[in-house]
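To keep things clear, I will list the structure first and then write my remarks on it.
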Amino acid sequence: MSKRILAYRRLDDQQLEQLREKYQVDYFGKLESADDPAFREALGQANGLIGAGLKITPELLDSAPHLEAIASISVGVDSYPVDELTRRGILLCNTPDVLTETTADTGFSLIMASARRVVELANVVKRGDWQESIGPDRFGIDVHGKTLGMIGFGRIGQAIARRGALGFGMRVLYSNASPKPEIERELGARRCEFNELLETADFVCAIVPLTDETHHLIGAEAFARMKESAIFINLARGAVVDEPAMIEALQRGQIRAAGLDVFEQEPLPSSSPLTQMDNVVALPHIGSATMETRTAMAQRAVDNILLALDGERPLSPFNVEAWGDRLT
Ligand code: 8YV
């Protein structure tokens, strides 16, 4: 009997066709809830999953007794219980590389928009409130020549740093579990202690995976260490930051501004004080959201699931150990 794939994120026609050529596909292009009975039924028969944006719990896995592999349309794997998947012999694949440059572009647009108050001042014009030339109370701060502090220095962090160092003459500091000598040489970047970074950087940019270790990594103490003129950027995951502590730091003027693509609760509730603050640029989690990149991410996931269900090594497996010797 042919294997079954359950797709729970929008795929384009050609990608769906690619899956259907080899397997039976249950397609939920816009899944409203994991409790949808039709989805649950499909889960019960699925050998492969492809999708994103759904928290995969051990309870959901209990309803998927035939599951062999999951292809996530994301680089972040914080929606998956990775150890549990490994224990159950389920291979997880993600989509690194294809989104690096696009996500770094988003990061840099947050840096620019927060420093130059782009959204706030564009709204002045839109409201018809541009009555006189802009004075010091609405001046921004320079980006070029400043110090960029990267919390996390993986592919995306390095791509942001490259933009800062090579495009804007910024000094780059980074805090990361392992040193990155090659990019240190390329950009003149320097690895430093977390606290030194917080105390020195003009732009503090979080781009670490969300794990037990990074949960609420940046809280009240971290904000207290930042310069009053510092701008905080979060391109990682909302839960890397203690959000109430960040809101308080912004309200008390402990830091100057924030540029945020991610939040503890997404979509961000309209009642959040962050929606009301002029010194906050808040985006609806668009790090990788361009036509080209989202298409490439979905394609990577399609390729990953097809290879995995064929018993071949996918392009980007995350927990190879789940399949023991099968992929080595
Ligand atoms: C995903 C992301 O598209 O890849 C990631 O980890 O944050 C985004 O680019 C998003 O998680 C999908 O919902």
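Here, residue 1 is the first one in the sequence, and each next residue gets the next number. Since the structure is predicted, the reported quantities are computational estimates derived from the model, not experimental observations. Both ligands and their constituent atoms are indexed starting at 1 by order of listing.
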Which of the numbered atoms in ligand 1 are under 4.0 angstrom from any heavy atom belonging to [X]?
| X | result |
| --- | --- |
| S288 | 3 (O), 8 (C), 9 (O) |
| S74 | 1 (C), 4 (O), 5 (C), 6 (O), 11 (O) |
| M297 | 3 (O), 4 (O), 9 (O) |
| G76 | 4 (O), 5 (C), 6 (O) |
| R294 | 3 (O) |
| R237 | 2 (C), 5 (C), 6 (O), 7 (O), 11 (O) |

Notebook entry, point to check: Apart from I134 itself, which Ile, Leu, Val, Met, Phe, Trp or Tyr residues share its cluster (side-chain heavy atoms under 4.5 Å, direct or through members)?
Noted result: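 I134 shares its hydrophobic cluster with F139.
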Item checked: L315: hydrophobic cluster co-members (side-chain, 4.5 Å) ->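 Members alongside L315: L307.
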Checklist line | Side-chain donor/acceptor of W130 to backbone N/O of E132, under 3.5 Å | finding: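 Side chain of W130 to backbone of E132: a pair is present.
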Checklist line | contact_flag V262 ligand 1 heavy-atom lt 4.0 Å | finding: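 V262 does not count as a contact of ligand 1 under the 4.0 Å cut-off.
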Item checked: ILVMFWY network linking L148 to I218, side-chain heavy atoms under 4.5 angstrom ->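 In one cluster with L148: I218, no.
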With no hydrogens and no angle check, do the side chains of [X] and [Y] hold a donor and an acceptor under 3.5 Å apart?
| X | Y | answer |
| --- | --- | --- |
| Y174 | Q158 | no |
| Y8 | D36 | no |
| T295 | D12 | no |

Item checked: Residue part near ligand 1, for R9, under 4.0 Å between non-hydrogen atoms ->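 The part of R9 near ligand 1 is the side chain, not the backbone.
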Polar proximity ligand 1 side, [X] side, N/O cut 3.5 Å exclusive:
| X | value |
| --- | --- |
| L99 | no |
| T95 | no |
| V75 | yes |

Checklist line | Salt-bridge contact R88-D62 (side-chain N to carboxylate O under 4.0 Å) | finding: yes
